[in-house]
Amino acid sequence: MSDTDSYVYDEASGEWVAAADAPAAAADAAVVVRDSVGNVLADGDQVTLIKDLTVKGAGQTLKRGTLIKAIRLTGDAQEIDCRYDGIKGLVLRAEFVRKR
């Protein structure tokens, strides 16, 4: 194994980290996403909307209380990726949802 293979670049810290320590560094950098009332969200959770939201580009409004199934975290503390009938690539702000 060469010297270049034993180190990886950690973008969060801007430093070269030993490859053995890289998974630990990635786990420390995990973003915690919280809903409107402070519950921690995870991939696959179900959420409900807490207010009516107009979806730009889709020409429709998602009503308060709408159930969104199987969310995915994006790495941003305020955005979650999800699917809804008829809307592709829907990204919601975590402040407008509540964990079910």
Side-chain angles (χ1 to χ4, degrees):
M1 178 183 273
S2 69
D3 289 335
T4 58
D5 292 336
S6 61
Y7 291 93
V8 293
Y9 185 73
D10 182 22
E11 293 181 14
S13 67
E15 298 176 352
W16 288 93
V17 181
D21 297 336
D28 293 340
V31 176
V32 176
V33 180
R34 297 187 181 271
D35 68 357
S36 62
V37 293
N39 297 324
V40 176
L41 296 174
D43 285 336
D45 283 346
Q46 293 183 355
V47 295
T48 56
L49 298 179
I50 62 167
K51 67 179 272 185
D52 293 351
L53 298 175
T54 303
V55 181
K56 294 180 181 178
Q60 90 184 66
T61 301
L62 296 176
K63 299 292 183 185
R64 179 177 181 251
T66 300
L67 177 66
I68 305 292
K69 298 179 182 180
I71 66 168
R72 288 178 305 280
L73 302 181
T74 62
D76 184 349
Q78 288 299 314
E79 293 181 349
I80 56 174
D81 188 27
C82 53
R83 289 185 184 181
Y84 189 74
D85 295 334
I87 304 174
K88 289 186 176 184
L90 180 62
V91 177
L92 296 174
R93 302 271 303 172
E95 64 191 277
F96 299 125
V97 299
R98 183 181 65 227
K99 186 174 181 177
R100 186 157 178 188

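From a predicted model like this one, the values you see are computed outputs, not experimental measurements.
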Should I68 and V91 be regarded as members of a common hydrophobic cluster, given that ILVMFWY residues are connected when their side-chain heavy atoms come within less than 4.5 Å of each other, either directly or indirectly?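 Result: no, two separate clusters.
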
Using the rule that two of Ile, Leu, Val, Met, Phe, Trp, Tyr join whenever any of their side-chain heavy atoms come within less than 4.5 Å, decide whether V55 and F96 are in one cluster.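 In one cluster: yes.
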
With a 4.5 Å heavy-atom cut-off, do [X] and [Y] have their side chains touching?
| X | Y | value |
| --- | --- | --- |
| T66 | Y84 | yes |
| L90 | L62 | yes |
| V40 | R34 | yes |

Can you tell me how far the [atom1] atom of [X] sits from the [atom2] atom of [Y], to the nearest 0.5 Å?
| X | Y | atom1 | atom2 | answer |
| --- | --- | --- | --- | --- |
| R64 | T48 | CZ | OG1 | 9.0 Å |
| T61 | L49 | OG1 | CG | 11.0 Å |
| K63 | L53 | NZ | CG | 10.5 Å |
| R93 | Q78 | CZ | CD | 5.0 Å |
| I71 | R100 | CD1 | CZ | 13.5 Å |

Write down the atom of [X], the atom of [Y], and the distance for their closest heavy-atom approach.
| X | Y | value |
| --- | --- | --- |
| I87 | A58 | CG1-CB, 4.2 Å |
| R98 | V37 | CG-CG2, 4.1 Å |
| I50 | E95 | CD1-O, 3.4 Å |
| V33 | A94 | CG1-CB, 4.0 Å |
| G75 | V31 | O-CG2, 3.2 Å |

So, using salt bridge (Lys or Arg N to Asp or Glu O under 4.0 Å) as the criterion, who are the partners of R72 when residues are at least two apart? D81

In chain order, what residues pass the salt bridge (Lys or Arg N to Asp or Glu O under 4.0 Å) check against D35, with sequence neighbours excluded? none

Please answer whether the main-chain N or O of I80 pairs with a side-chain N or O of T74 as donor and acceptor at a distance below 3.5 Å.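 The answer is no, because no donor-acceptor pair under 3.5 Å joins these two groups.
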
